[in-house]
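Protein chains get the first letters and strands the later ones, always in sequence-line order, with residue 1 at the start of each. The shown structure was predicted, so the numbers you read here are calculated from the model rather than taken from an experiment.
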Number of protein chains: 2
Amino acid sequence: MAPVPKPSISHRLAEAAVALFDENGYDATTVDDIAARAGVSRSTFFRHYHSKEDAIFPDHDALLARIDTRLRASAADTAIVAITDAVRLVLAHYVDDAEVSLRRYRLVREVPALRDREIASVARYQRLFREFVGEWLGDSPDAGLRAELMAASVVAAHNQVLRGWLRAGGAYDPFGLLDHALGYVIATFRHLEQPQEKGEQVVVATFSRSASPRAVMEAIQAHLEAR
Amino acid sequence: MAPVPKPSISHRLAEAAVALFDENGYDATTVDDIAARAGVSRSTFFRHYHSKEDAIFPDHDALLARIDTRLRASAADTAIVAITDAVRLVLAHYVDDAEVSLRRYRLVREVPALRDREIASVARYQRLFREFVGEWLGDSPDAGLRAELMAASVVAAHNQVLRGWLRAGGAYDPFGLLDHALGYVIATFRHLEQPQEKGEQVVVATFSRSASPRAVMEAIQAHLEAR
DNA sequence: CATAAGTACGGTACTGAGTTTCGTACGTTT
DNA sequence: AAACGTACGAAACTCAGTACCGTACTTATG
């Protein structure tokens with residue numbers, strides 16, 4: 001039988017970093033400590049990670065690339081499906097290795113430098129969504145503003161669901177809540193889409209006494225935007 | 001007559017920092033350079049600003065405090081007025097000294113470290129709005145999610161207007177655009193407010209043939225949310 | 001098989017941000 | 001006049017991040 005496949009240096013470094021951050025805290029851990037525990041030199045650390053913070057955010061670039069390709073592959077289906085899929089991809093990335101996500105969450109929550117970095121990387125996701133929505137809306141009036149709003153809302157919805165799941169210790173399946181939250185966003189922005197005139201008609205609407213205003217709104221929206 | 005009132009050391013440091021950043025770039029400017037131009041020692045720089053980046057973001061804390069007090073002072077008026085006022089406060093803070101804002105914008109745009117810091121501070125504003133909206137919505141269903149979405153949208157609307165104004169070199173008055181953008185946000189979220197049942201009634205709506213779907217929507221919303 | 005080329009790592013030295021500590025000058029209080 | 005607090009300068013230190021060089025180990029190429 002083959003011996004235990006020796007893990008890559010990157011993995012050893014990441015594990016050493018997380019372990020030391022857990023034991024001694026982020027600030028009290030030097031890059032030398034991480035390299036020493038991983039059994040390599042300080043130079044090697046900086047060849048694999050460009051900064052001390054990078055050791056704990058290893059895969060943001062790869063995820064960004066996956067989001068980008070998913071969004072760009074939205075020729076056939078509708079844009080909303082592409083957005084929903086892309087957001088689900090992000091959440092799945094966290095849920096798939098929950099232990100790592102949870103440990104990182106605890107760390108990020110209490111180290112300001114890591115929190116700021118997390119926020120900055122979230123902004124990069126938001127930028128991807130904004131560009132996609134912007135291209136989708138074309139040059140309709142207020143396209144830039146609407147793209148900005150929609151991207152911010154999509155990302156905020158995802159973060160709300162993710163943070164709740166993290167705070168609960170990853171105890172449940174968050175995809176239902178994500179769909180609910182995204183449904184909120186989509187319903188919110190649906191009536192901002194510029195509907196095209198398609199022959200004029202008189203609309204007369206009647207509703208039962210027990211219909212909630214929100215149900216009324218949704219019914220009306222469905223009618224108004226069915227072309 | 002009194003001699004020219006000598007500026008405070010903080011001001012001298014900030015001006016020296018901006019000037020040197022403009023001349024030689026951010027990375028090529030050391031804290032020693034800044035302190036030397038301001039005529040003080042390196043120690044004094046770090047007594048006035050906790051980091052090199054701080055020299056260019058001097059007043060975020062003060063503005064945050066003003067936003068907070070404005071939001072908390074919303075007992076009499078409605079929450080939407082408070083939010084609008086608070087956002088206007090932020091925009092005014094940039095517009096009031098346009099030269100500083102423009103110079104900082106050019107710098108922040110091309111220095112990654114500064115961009116990340118800007119994003120992180122924006123997140124602190126968003127947190128204020130989120131907490132306010134959360135308290136406002138109380139424990140209605142999905143209050144947390146709706147607060148997150150609304151705060152993100154409000155901040156995104158402000159940033160969209162501000163960035164457009166900065167890109168244009170501060171050539172116009174952006175408050176009209178801000179009101180328009182905030183109107184978008186408010187209209188977007190109005191039909192998410194949980195309307196309370198106030199006696200049931202039958203609604204019958206008729207509209208002229210020429211009414212645009214959006215006009216129809218707005219009229220319906222006005223009726224649904226008039227209590 | 002031998003040599004050249006490419007790659008991955010270790011070691012050293014350096015820059016610069018940020019912290020800590022100590023000394024000192026100046027103004028204020030009692 | 002003595003005690004005190006405050007603000008600054010100076011120096012030493014830690015550590016992240018970069019640049020450079022030397023060396024082993026592998027892989028193509030003659």
query: What bend angle does the helix from C:dC1-D:dG30 to C:dT30-D:dA1 show across its length, from five-pair end axes and to the nearest 10 degrees?
result: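 End-to-end axis angle: 0°.
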Audit row: A:D54, A:H48, side chain to side chain donor-acceptor pair (under 3.5 Å) steps and yes/no: CA-CA 9 Å; A:D54 272 347; A:H48 287 261; over 6 Å; no
task: Indicate yes or no: at least one non-hydrogen side-chain atom of A:I83 is less than 4.5 angstrom from one of A:V133.
output: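 They are in contact (side-chain heavy atoms under 4.5 Å apart), so the answer is yes.
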Whole angstrom value for the distance that separates [atom2] of [N] from [atom1] of [X]:
X	N	atom1	atom2	value
B:Y49	D:dA7	OH	C1'	16 Å
A:L20	D:dA16	CG	P	12 Å
A:L114	D:dA16	CG	C1'	14 Å
A:F46	C:dT12	CZ	C1'	15 Å
A:K52	D:dT18	NZ	P	15 Å
B:E53	C:dG16	CD	P	17 Å
B:D54	C:dG18	CG	P	8 Å

Which distance, rounded to the nearest 0.5 Å, do you find between the [atom1] of [X] and the [atom2] of [Y]?
X	Y	atom1	atom2	result
B:E148	A:N159	CD	CG	7.0 Å
A:H180	A:L182	NE2	CG	10.5 Å
B:L64	B:S121	CG	OG	8.0 Å

query: Just by distance, with hydrogens left out, do A:T188 and B:T188 show a side-chain donor and acceptor under 3.5 Å apart?
result: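 A:T188 vs B:T188: no donor-acceptor pair found between side chains.
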- request: Could you identify which residues of residues 24-36 of chain A place a heavy atom less than 4.0 Å from some atom of DNA chain D, listed by residue number, or say none?
  value: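 Listed by number, they are A:T29, A:T30, A:V31.
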- prompt: Taking the six-membered ring where the residue is Trp, are the ring centres of B:F46 and B:H50 under 6.0 Å apart?
  reply: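 They do not qualify: ring centres at least 6.0 Å apart.
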- request: Report yes if the distance between the aromatic ring centroids of A:Y125 and A:H158 is under 6.0 Å, otherwise no.
  value: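 Ring-ring flag for A:Y125/A:H158: false, centres at least 6.0 Å apart.
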query: Salt-bridged, B:E99 to B:R103, with N to O below 4.0 Å?
result: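 Salt bridge absent between B:E99 and B:R103.
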Could you go through nucleotides 9-11 of chain C and list every protein N or O atom that sits under 3.5 Å from one of its N or O atoms, giving the distance for each pair?
from: C:dC9; atom 1: OP2; to: A:H48; atom 2: NE2; distance (Å): 3.3
from: C:dC9; atom 1: N4; to: A:R47; atom 2: NH2; distance (Å): 3.4
from: C:dG10; atom 1: OP2; to: A:S41; atom 2: N; distance (Å): 2.8
from: C:dG10; atom 1: OP2; to: A:S41; atom 2: OG; distance (Å): 2.8
from: C:dG10; atom 1: OP2; to: A:T44; atom 2: OG1; distance (Å): 2.2
from: C:dG10; atom 1: O6; to: A:R47; atom 2: NH2; distance (Å): 2.7
from: C:dG11; atom 1: N7; to: A:S43; atom 2: OG; distance (Å): 3.0
from: C:dG11; atom 1: O6; to: A:S43; atom 2: OG; distance (Å): 3.0

- request: Using atom types as modelled and distance alone, determine if a side-chain donor or acceptor of B:W165 lies under 3.5 Å from a backbone N or O of B:Y172.
  value: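 Yes.
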field: Cation-pi check, B:K52 onto B:F45 ring (under 6.0 Å, within 45° of axis)
entry: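 Cation-pi check for B:K52 and B:F45: fails.
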